Amino acid sequence: QVQLVESGGDLVQIGGSLTLSCQISGIGSDDFVIGWFRQAPGKEREGVACIWWDNGKTREADSAKGRFTISRDHAKKTVFLYMKDVKPDDTAAYYCAAMRLTPWLSLRTNDYEDWGQGTHVTVSS
């Protein structure tokens, strides 16, 4: 049974930094992709970044390039999202998700099979 557990969401000041974590369990191979998504109040869920677990290749949404970095710790089975220079528009529930069946570097929500419960980020103004 695949389980994804996000952590690290917090209240953060404009311009500050925050690192989110996604702890992974129940996946028996390295052939999968982990994505970070976010959903703000009144908006659809959108992809932020994703990473190949095996080779570490990444893809970022245009809105995230230059500010957000996705990475992984292979030994600890954890994926991170480092957020810097945060803005009020970054306020959202952040989710990690796993794509296992036909993995590719997708930022589409429907391509992912397994989801965590989310962790909330609030950027104060």
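Note that the coordinates shown come from a computational prediction; the quantities given were computed from them, not determined experimentally.
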- Query: Is there a donor-acceptor contact under 3.5 Å from the side chain of Thr78 to the main chain of Lys76?
  - Reply: yes

- Message: Check for me, please, whether Val121 and Ile34 land in the same ILVMFWY cluster - side-chain distances under 4.5 Å, paths through other members count.
- Response: yes

- Do any N or O atoms from the side chain of Glu6 and from the backbone of Gln117 form a donor-acceptor pair under 3.5 angstrom? yes

- Message: Within the 4.5 Å heavy-atom criterion, are Arg59 and Ile70 side-chain neighbours or not?
- Response: no

- Message: Please find the pair of heavy atoms, one from Leu4 and one from Ala98, that lie closest to each other, and give the distance.
- Response: CD1-N, 3.6 Å

- Message: According to a hydrophobic-cluster definition based on side-chain heavy atoms being under 4.5 Å apart (Ile, Leu, Val, Met, Phe, Trp, Tyr only), do Met99 and Leu107 belong together?
- Response: no

- Message: Tell me whether Thr119 contacts the main-chain N or O of Ser7 through its side chain, where contact means a donor paired with an acceptor under 3.5 Å.
- Response: no

- Carboxylate-amine/guanidinium proximity below 4.0 Å for Asp114 and Arg100: yes

- For Arg72 and Asn55, work out which heavy atoms get closest and say how close. NH2-C, 4.0 Å

- Query: Any chain of hydrophobic side-chain contacts (each under 4.5 Å) joining Val123 to Leu18?
  - Reply: yes

- Query: Under 4.5 Å between any side-chain heavy atoms of Trp104 and Asp111, yes or no?
  - Reply: yes

- Item | Joint cluster assignment, Tyr94 & Ile51, ILVMFWY side-chain distance < 4.5 Å | yes

- Minimum side-chain heavy-atom gap Thr122-Val12 below 4.5 Å: no

- Under a 4.5 Å cut-off applied to non-hydrogen side-chain atoms, are His74 and Asp30 in contact? yes

- Query: How about Met83 and Leu20: do any of their side-chain heavy atoms sit closer than 4.5 Å?
  - Reply: yes

- Can you find a pair of side-chain heavy atoms, one from Ile24 and one from Val79, that are under 4.5 Å apart? yes

- Gap between atom CZ of Arg38 and atom OG of Ser63 - 0.5 Å precision: 5.0 Å

- Do other residues, nucleotides or ligands put more than 12 heavy atoms under 6.0 Å from Lys77 NZ? yes

- Query: If you take all heavy atoms of Gln39 and Lys43, which pair is closest and at what distance?
  - Reply: NE2-O, 3.2 Å

- Mind running side-chain contact (heavy atoms from CB on, under 4.5 Å) on Glu60 and Thr69 for me, showing each step along the way? CA-CA 8 Å; Glu60 296 80 33; Thr69 302; over 6 Å; no

- Item | Sub-4.5 Å side-chain heavy-atom contact between Phe37 and Glu46 | no

- Query: Linking I/L/V/M/F/W/Y whenever any side-chain heavy atoms sit under 4.5 Å apart, do Trp36 and Ile27 land together?
  - Reply: yes

- Query: So, Gln23 and Ser21: side-chain donor and acceptor under 3.5 Å apart, yes or no?
  - Reply: no

- Task: Please report the shortest heavy-atom distance between Gly26 and Val2, naming the atom on each side.
- Result: O-CG2, 3.8 Å

- Item | Check: Phe32 ring centre within less than 6.0 Å of Trp52 ring centre | no

- Query: Shortest non-hydrogen contact from Tyr112 to Cys50?
  - Reply: OH-CB, 3.4 Å

- Item | Minimum heavy-atom distance between His120 and Thr91, given as atom pair plus value | CE1-CG2, 4.1 Å

- Between Ile14 and Pro88, is any pair of side-chain heavy atoms under 4.5 Å apart? yes

- Query: Under the side-chain contact (heavy atoms from CB on, under 4.5 Å) criterion, do Ser71 and Tyr82 qualify, and how do the steps go?
  - Reply: CA-CA 8 Å; Ser71 63; Tyr82 173 64; over 6 Å; no

